[in-house]
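Encoded as structure tokens, the structure appears first; notes follow it.
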Amino acid sequence: MTESCRGRIGLVCALIVACGAMVSCVPSLSKIRPRRLYLVMKGDDAQLETRLGAASGEPARWLALYEYPMRQPRGVVVFVHGLGTNAQVWDLPGIGGLATVVWRSGYLVYTVDMQGAGDSWREGIFADRPDDSTVPLWSRHVELVLDQLAARHPDLPLVGVGHGIGGTALYQALGSGFDGLSGLVTIGAPLDFGGATRAFDLLLTMPDRLGLPTVAWRQLAGVQLPPQFATSRGFEGLLLSEQLPDDVRRAFYRSVSSNMSRSLLRSIRQQGSGREVATRNALVDALGKSKLPPILMLTAPSDGTAPPWQCDPAGLGLRRSEFERRYLTQSNGDSMEYNHLDLLLHPRARRDVYPLIVSWLRELPQSSDAQLSQVVRYP
Amino acid sequence: MQEGRLQKQSHRSRRAFVAAALALSLSAIVGSSVVGCAHLLFPLEERATEVIYVETEDGWRIALHHFPAADSAPKRRHPVLVCHGITSNRHNWDLTERLSFPTHIAKQGFDTWVMELRGSGLSTKPGWFDERNWNYNFDDYVLQDLPTAIDFVASLTQTGKVHWVGHSMGSMIVYAYLQRLGEEKIQSVTAVGAPPRVFDSNHLLTGSYELLPLADWVYDELPSGFVTALAAPFSYPAFIPLAHMFWNYDNVSPQTARLAAAHAVENLSATVLVQFVASARSGFMTSVDGIHNYSHGLGSITVPIFFVAGALDQLAPPVVMMEAFSSVSSSDKRIEVLSRANGYAHDYGHVDLVLGDTAPDEVYPMLARWVVEHD
């Protein structure tokens, strides 16, 4: 082997080693392993724990949180999922999602499994206790999560991102007077449940129709819809998406689809009370009177689960300068018409939705102490 | 030497001016020819059996296209008066044999009339040597064109009332008519894609509001019909995002899009346009003198009224149609949002509510049922 050959081989090896070193250093290219925490709730108390201990005295409930650590973060972003999904809707295994994109932009990220979803407390863990989720209960849990995270990171701006009723729960936290949020992003999040689409109305009755305490999107995939529905799209096509690539769809059903309790669906139905139209309600009134952070409201005309007339505050008589309203539709220059799940999981959401959110986050006023904080305090 | 330089500059400027004028004239000639060819390239058949002209108090002729009730159908009590939307004409409702709501409703036994507002279709349009000009406004539609047409059609019946069916601005004007002139001659209203005000869900449209009133400054007419006919051969598929404001392109065939572009779009009075821009800015629709607030006055409407909204309609989004539904005081009112999640084949856009591929199967029968139930 000549010297020049050895030299070239050595250069190639050095390049490979350098690339490998870069890969391991640059967070965007490495696999993210979130750290699991638990918000343990006993009565009125709630505490963040790193593991679940044996419950003593009054039975405890818990929510699982997933922490994506970041050195010197710009802020903290907490993601709250919607109906029938879980925390992995923000970070689909093997595919990624909005949470990973926001994390790569330099934020400390938390995703939450709400009651009944993922690794949080759910029906069946204690045989004698059904899942009593309601929208107000979700809202209460969200407030507890926000309280704990605000206390954990007092020097960092805290931003909430909610999809579907996860966003509704965040709105309700604001309406109840929680003032620890520096910003809020809602994606297909109803402010009122009146004027629901017929397919969604039907969904709300499915536990009763099937005689089950909970239903999941996975179970509903094979349900035949009544003849009034013009096509054979099914619940998935009408309420979630018709356009997801197969790998994303499979990952959704494998990892994300979670139980929807009869109680939660009844709660939504009750709040809608069969009204033909969405109308101004107590939540909208409360938001009208509350101190609000900047809010980015995203809605899509083709969203069958949470259509714009339920989500747009301007349509419900609430015009506040804090709201930035954005309709995701082709006539606004977006690349497709989005249904409820497309907004998070369709590949085109990476082009239309994610950059919108990330650039909005970057424009939020930053905490002046953000760079100095050591960020994470482990109990 | 200086004089020579100046002379040369003057020659150059004159040549440039002449060249620009020639180019402009040539474009106008070519453009007009292309527009004329668009009508030939995409021919239309007329289905009305006759056209009656009625004259308004201020001297404008309004065309009324008659679709007589089918002899074989049950006899109905009230006629139907159909009206087009902004920048449109009779072809908004009657484009082809299949895409013709007047034909459909006439087959149900209703004596049907399709009116064309001033400046549209066969109604009077200001000409080069006409004392009339394009400076009419929304209130002229409400106070002149509508009463003239309604009075004529209502006079043909024993009851003296008509069923009103209007698309887009074609029902915005009836909201105002009912408030200003009363409900005595209206049996029922079907408001298809007709918002009570201009809503700001489309930021591209909202951004263009700053530019549109330039039409008033440049000329008194927005050449929407001219431009759309010019672009008729290219109207499918959508090349610009704004085109999606008019159609859900999944619910329209290339032929329909091109026919509509060639025949169904008219120029628009810049004054009407300025009134709509003012509505977008203020958040409500008012009379041109600002005295009557047509959005806030919806509460005075008590006639049976049916609101039809398209889920993808960004000109009359369901959110603002629901606002109209909530505002009217009618005890007999209904709203229907045409979306897939509500059981329809498509999320309907603005124009496909009346001219979409599935409109004859899904929309026309629904509108007809309402009219029959309220006859």
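Just so we're on the same page: letters track the sequence lines, and every chain starts at 1.
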* **Inter-residue atom distance M169(B).CE - I86(B).CD1, 0.5 Å rounding** => 5.5 Å
* With distance as the sole criterion, is a donor-acceptor pair present between the side chains of N92(B) and H167(B) under 3.5 Å? -> yes
* To do: Ignoring hydrogens and angles, state whether a donor on the side chain of H346(B) or D352(B) is under 3.5 Å from an acceptor on the partner side chain.
  => no
* side-chain hydrogen bond (donor to acceptor under 3.5 Å, both in side chains) between E362(B) and Y348(B): does it pass, once the steps are laid out? -> CA-CA 11 Å; E362(B) 294 188 322; Y348(B) 280 69; 2.6 Å; yes
* Is the shortest heavy-atom distance from the side chain of I105(B) to the side chain of L367(B) under 4.5 Å? -> no
* Checking S302(A) against chain B: side chain, backbone, both or neither under 4.5 Å from a heavy atom? -> both
* To do: Pick whichever of T305(A), N339(A), T197(A) has the most heavy-atom pairs under 4.5 Å with chain B.
  => T197(A)
* Asked: Of the backbone (N, CA, C, O) and the side chain (C-beta and beyond), which part of T299(A) lies under 4.5 Å from a heavy atom of chain B, both, or neither?
  -> neither
* Which members of residues 307-316 of chain A, sorted by number, sit under 4.5 angstrom from chain B on a heavy-atom basis? -> W309(A), D312(A), A314(A), G315(A)
* **F101(B) side chain reached by V354(B) side chain, heavy atoms, under 4.5 Å** => no
* Structure fact -> Applied to residues 318-330 of chain B, the side chain to side chain donor-acceptor pair (under 3.5 Å) test, sequence neighbours excluded, yields R197(B)-E323(B)
* Structure fact -> Bottom line for N202(B): the part with an atom under 4.5 Å from chain A's heavy atoms is both
* Heavy-atom pairs under 4.5 Å with chain B, option from A196(A), S331(A), G333(A) with the top count -> S331(A)
* Asked: Would you say L265(A) and V215(A) make side-chain contact, with heavy atoms under 4.5 Å?
  -> yes
